[in-house]
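Notes follow the structure.
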Amino acid sequence: MKTITHMLTFVLLLSLFLAACKNNDEKPGNVKVYELSYQTPGVDGTMVNASGIVMVPPSGTGPFPLLSCQHGTIFYKEVAPSYLDSCQEAQAWLSEFAANGYVVVMADYIGLGKTAKTLHPYFHAQTEATAARDMIRAAKKFCEDNGILLNNKLFLAGYSQGGHVTSSLQRLLQANHSGEFSITASAIMAAPFDLSMLFRHHITNPNTISTAVTSLMVKTFNWIYTISPNYQDFFIKPYDSIVPALLDFNHNETEVINTLKVPPVNIFQPTFLADVNTGTHSFNKAMEKNEVYDWRPIVPTLLVFSMADEVVPYTIENKAYARWLELGGNVDSVNLGNVYNHSNGFIPALMKAKEWFDKYK
């Protein structure tokens with residue numbers, strides 16, 4: 001508990017004095033943070049601009065292992081990792097991993113960060129994976145061009161949406177790029193592997209972000225899969241107009257959450273929810289296409305969850321873990337107990353990931 005308290009204090013202190021991220025800007029522990037821009041396929045396959053950051057440990061101690069971290073849900077593009085002073089999640093990865101000998105890579109994802117020109121395809125497994133993959137490629141090229149030595153060990157980690165991205169990324173690299181990427185180990189934390197279970201949970205057990213999360217899922221999948229041209233098919237008035245305008249990643253987190261603080265059942269059309277509940281709506285098929293647990297992890301993979309998580313229920317983690325065991329996956333799990341909710345469970349989960357990776361470092 002002392003370690004966790006210290007870590008929380010460290011992250012808080014970081015937020016007080018980290019300036020805006022600039023190339024070759026030194027951070028605590030002499031970590032240097034670099035912004036990268038690169039191209040990656042968008043939802044329709046057309047190449048789009050994307051961005052992210054590379055955190056480089058103090059010089060003179062390489063070669064380094066490479067850690068690709070995938071961040072959790074955000075509603076505002078200017079709290080993505082490339083806005084380091086506004087992204088406390090990135091600051092935590094910096095202080096615990098980059099300052100301790102890992103080259104840390106964090107993609108903003110499509111539609112977020114400083115190069116954002118399109119909507120963010122939230123929970124779209126394919127572009128989550130390819131955006132993270134291409135960020136790793138860009139980071140490795142950057143390290144090669146700048147004499148930053150890597151030791152060929154690659155770690156993957158993510159919490160919340162970042163866990164969904166990590167599972168999708170790991171699946172992609174294992175299936176299609178095993179000759180290019182040799183994954184050493186992975187830590188997938190508080191991950192919404194099953195989006196149908198996630199959506200139903202937020203409808204029946206709402207919390208402060210439930211309406212924002214479920215609305216963003218509907219808006220995103222309607223955009224990607226062209227489910228309906230009319231938002232009134234999903235939302236009652238005036239939310240059929242409010243939701244599309246608000247969830248464009250140009251409104252800050254407080255505005256989004258405060259505007260959508262009513263329970264989800266108060267904004268969705270009853271007929272839509274009834275069809276989703278019976279599994280007969282086209283939205284169900286969209287969610288099913290983006291589930292990320294029906295595959296077999298080959299490399300050591302740690303699943304971390306909390307039984308008190310009100311945002312991503314532990315039943316989702318249990319379902320994924322059971323499926324991986326059934327398929328013969330190389331998996332282990334850590335139950336953080338019933339003390340930590342989704343927000344304050346991040347730091348304990350990060351510490352478990354650090355213990356896990358240090359065994360293979």
Side-chain angles (χ1 to χ4, degrees), residues 11 14-42 47-57 66-99 102-122 124 127-143 145-146 148 156-162 164-166 169 216 247-254 256 346 350:
V11 172
L14 278 172
S15 69
L16 297 176
F17 67 83
L18 277 172
C21 177
K22 298 179 181 179
N23 285 347
N24 202 30
D25 189 15
E26 290 195 3
K27 302 302 177 187
N30 295 320
V31 173
K32 295 182 179 179
V33 180
Y34 302 85
E35 296 173 12
L36 298 186
S37 297
Y38 63 101
Q39 288 207 313
T40 190
M47 300 301 286
V48 298
N49 291 329
S51 56
I53 57 174
V54 180
M55 311 176 191
V56 180
L66 185 66
L67 169 61
S68 177
C69 302
Q70 286 62 244
H71 69 80
T73 295
I74 60 175
F75 302 110
Y76 184 40
K77 66 183 180 182
E78 293 187 16
V79 293
S82 61
Y83 291 92
L84 182 58
D85 57 320
S86 301
C87 185
Q88 287 201 356
E89 184 174 348
Q91 295 167 17
W93 289 108
L94 182 153
S95 62
E96 187 58 31
F97 284 88
Y102 290 81
V103 169
V104 176
V105 179
M106 296 191 74
D108 291 329
Y109 310 150
I110 294 172
L112 301 174
K114 295 189 176 180
T115 63
K117 300 295 183 184
T118 182
L119 286 175
H120 168 51
Y122 187 56
H124 185 238
T127 51
E128 284 181 337
T130 52
R133 175 202 65 192
D134 293 338
M135 179 65 200
I136 297 173
R137 284 174 170 165
K140 292 177 73 173
K141 181 66 164 58
F142 172 82
C143 289
D145 290 346
N146 289 275
I148 301 166
L156 309 178
Y159 188 88
S160 192
Q161 184 196 0
H164 188 271
V165 180
T166 301
L169 171 64
L216 185 54
L247 297 179
D248 62 355
F249 300 97
N250 290 312
H251 295 79
N252 67 47
E253 311 269 295
T254 301
V256 168
F346 169 64
L350 182 146

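One-based numbering along the sequence shown.
Checked against side chain to side chain contact (heavy atoms under 4.5 Å, CB included), Thr40 has the following partners two or more places apart in sequence or in another chain: Tyr38, Val48, Ala50, Ile110, Thr130, Ala131, Asp134. Partners of Asn49 under the side-chain hydrogen bond (donor to acceptor under 3.5 Å, both in side chains) rule, at least two apart in sequence or in another chain, are Gln39. For the side-chain hydrogen bond (donor to acceptor under 3.5 Å, both in side chains) test, residues two or more places apart in sequence or in another chain that qualify with His124 are Thr127. Qualifying ring-ring contact (aromatic ring centres under 6.0 Å, His included) partners for Tyr122, counting only residues two or more places apart in sequence or in other chains: none. The side chain to side chain contact (heavy atoms under 4.5 Å, CB included) test applied to Val56 returns Tyr34, Val54, Ile148, not counting sequence neighbours. For Val79, the side chain to side chain contact (heavy atoms under 4.5 Å, CB included) partners are Ile74, Tyr76, Ser86, Glu253, not counting sequence neighbours. A search for side chain to side chain contact (heavy atoms under 4.5 Å, CB included) contacts involving Ala116 returns Lys77, not counting sequence neighbours. Looking at residues two or more places apart in sequence or on another chain, you find a ring-ring contact (aromatic ring centres under 6.0 Å, His included) between Tyr102 and Phe97, Phe155.
To the nearest 0.5 Å, the span separating NZ on Lys140 from CG on Asp145 amounts to 13.0 Å. Here CE of Met106 is found 7.5 Å from CD of Gln70. Values are rounded to the nearest 0.5 Å. Atom CD1 of Ile53 and atom OH of Tyr83 lie 12.5 Å apart (nearest 0.5 Å).
Of the possible polar contacts, none joining the Glu96 side chain to the Leu94 backbone as a donor-acceptor pair under 3.5 Å is found.
Residues His71 and Gln161 have side chains that never bring a donor and an acceptor to within less than 3.5 angstrom of each other. Between the side chains of Glu35 and Ser37, no donor N or O sits under 3.5 Å from an acceptor N or O.
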